[in-house]
Amino acid sequence: MKYPNFPKDCKSMLCKYLTKEVFDELKDRKTPNGFTLEMAINSGVKNPDSSIGVYAGDKESYEVFDLLFDPIIQEYHGFGKNEKHVSDFDPNKLDIDNPDPKSELILSTRIRVGRNLDGFPLGTIISKEQRDEVEKIVSGTLKSFKGDLQGEYFPLKGMTSAVQEKLIKEHFLFKEGDRFLEAAGLNRDWPEGRGIFHNKKKTFLVWINEEDELRIISMQQGGDIKEVFVRLANAVNELEKDMKFLKSDHLGYITSCPTNLGTAMRASVHIKLPKLSQDKKLFKTVTDKFHLQIRGIHGEHSKSEGGIFDISNRRRLGISEVECVKDLYNGVKELISIERSL
Ligand code: ADP
Ligand code: CIR
């Protein structure tokens, strides 16, 4: 493999940190599962408009290719090589109110965490048999859930395209054919082994075998962030009784994309900010100050519509679950106050 030819205007972290020296040092390395540098960087090489551009194949990838992953992790999360990740998923520590009790600006709230099973490689290099096994284990446990979390599992295979499109449009299901995931090897054998579990109200959902083996999601209309957090914490607890998730002392929960390490938590609101969003500089200054990320309303790499944005915590590693949500809460309070003053 030769050093990749990045376009001049490439701004990804991959092209920033994969210097010729780092490339030469890493190009012949392999993890015990057979994950190589070529596999790790393929998404960013094929998609020079990536913001990050790298994926892992297993827990060991983060050690074997540390010269590439460490500076990316440092820049994205502000988390150093010798730091330890500490978790705190205790809802009792989250002392917050609803930042928009009349639901004037916040349309909905969603919190998700990514998880992968201990004993399996990540989705980038998982075999078809292993992926099917993950689906069986996770959907089996979910089917036994009772009460508020009780629901049904819907495999992607066999789902009509009308149902699939409706679920995507309503923000419940992952999209199909994402080119970043495609180049990372995460869409192999599609749609086999993939699916979505959800309760009746679609307030608790689990995506199986998308970017991570599990995406555990709690969501509802309005801005009651705490209620969404409590439901998620309960669900994660229930799942953890039955399965062991891949984690390390240094990096917390291991995920295929380095931006999701640690808590693997993205807490977001869909919020109307028609006035503030006109002032791009101010919008960016405020979101940067509170470590928030702006996405469009159909998720990552999508555009905003009608002055509505997906605002979420950016940092996920080196801060606890409670702190991730506080990043969102504090930032959203400020965004609402500025929007109202304009
Ligand atoms: P992820 O959050 O899993 O990293 P995406 O950014 O692609 O992935 O978002 C997944 C889906 O969740 C998209 O359809 C997106 O619109 C939806 N979503 C995210 N945040 C919210 C929210 N606060 N309310 C409703 N839907 C949301
Ligand atoms: C990219 O590099 O653009 C994609 N691989 C997605 C990276 C994750 N995005 C993020 O900012 N959390």
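Order of listing sets the numbers, starting from 1, for every ligand and every atom in it. Everything numeric in this text was worked out from a predicted model, so none of it was measured.
- For K157, the NZ atom counts as loosely surrounded, since its 6.0 Å shell holds 12 or fewer non-hydrogen atoms of other residues, nucleotides or ligands.
- In this structure, a donor-acceptor pair under 3.5 Å is present between the side chains of Q220 and R231.
- Shortest non-hydrogen contact noted between A183 and N47 is CB-ND2, 3.9 Å.
- Applying the side chain to side chain donor-acceptor pair (under 3.5 Å) test to R110 and every residue at least two apart in sequence or in another chain returns nothing.
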List the steps and the verdict of ring pair (Phe, Tyr, Trp, His ring centres under 6.0 Å) for F69 and Y17.
CA-CA 9 Å; F69 280 115; Y17 293 115; over 10 Å; no
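- The aromatic rings of H298 and H171 sit parallel, their planes meeting at an angle under 30°, below the 60° perpendicular limit.
- Among protein residues, S108, T109, R110, R112, H171, W207, R215, M219, R266, S268, V269, H270, R295, I297, H298, G299, E300, D310 come within 4.0 Å of ligand 1, judged on heavy atoms.
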Where does ligand 2 get N/O contacts under 3.5 Å from the protein, atom by atom?
residue	atom	partner	partner atom	Å
ligand 2	2 (O)	S51	N	3.2
ligand 2	2 (O)	I52	N	2.8
ligand 2	2 (O)	G53	N	3.0
ligand 2	3 (O)	S51	N	2.8
ligand 2	3 (O)	S51	OG	3.1
ligand 2	3 (O)	H301	NE2	3.1
ligand 2	5 (N)	Y55	OH	2.7
ligand 2	9 (N)	E300	OE2	2.4
ligand 2	11 (O)	Q293	NE2	2.9
ligand 2	12 (N)	Y76	OH	3.4
ligand 2	12 (N)	T259	OG1	3.2
ligand 2	12 (N)	R295	NH2	3.4

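- In this structure, a donor-acceptor pair under 3.5 Å is absent between the side chains of N330 and K326.
- Residues meeting the side chain to side chain donor-acceptor pair (under 3.5 Å) test with Y253, sequence neighbours left out: E240.
- Using a 30° and 60° split on the angle between ring planes, F145 and F204 fall in the parallel class, below 30°.
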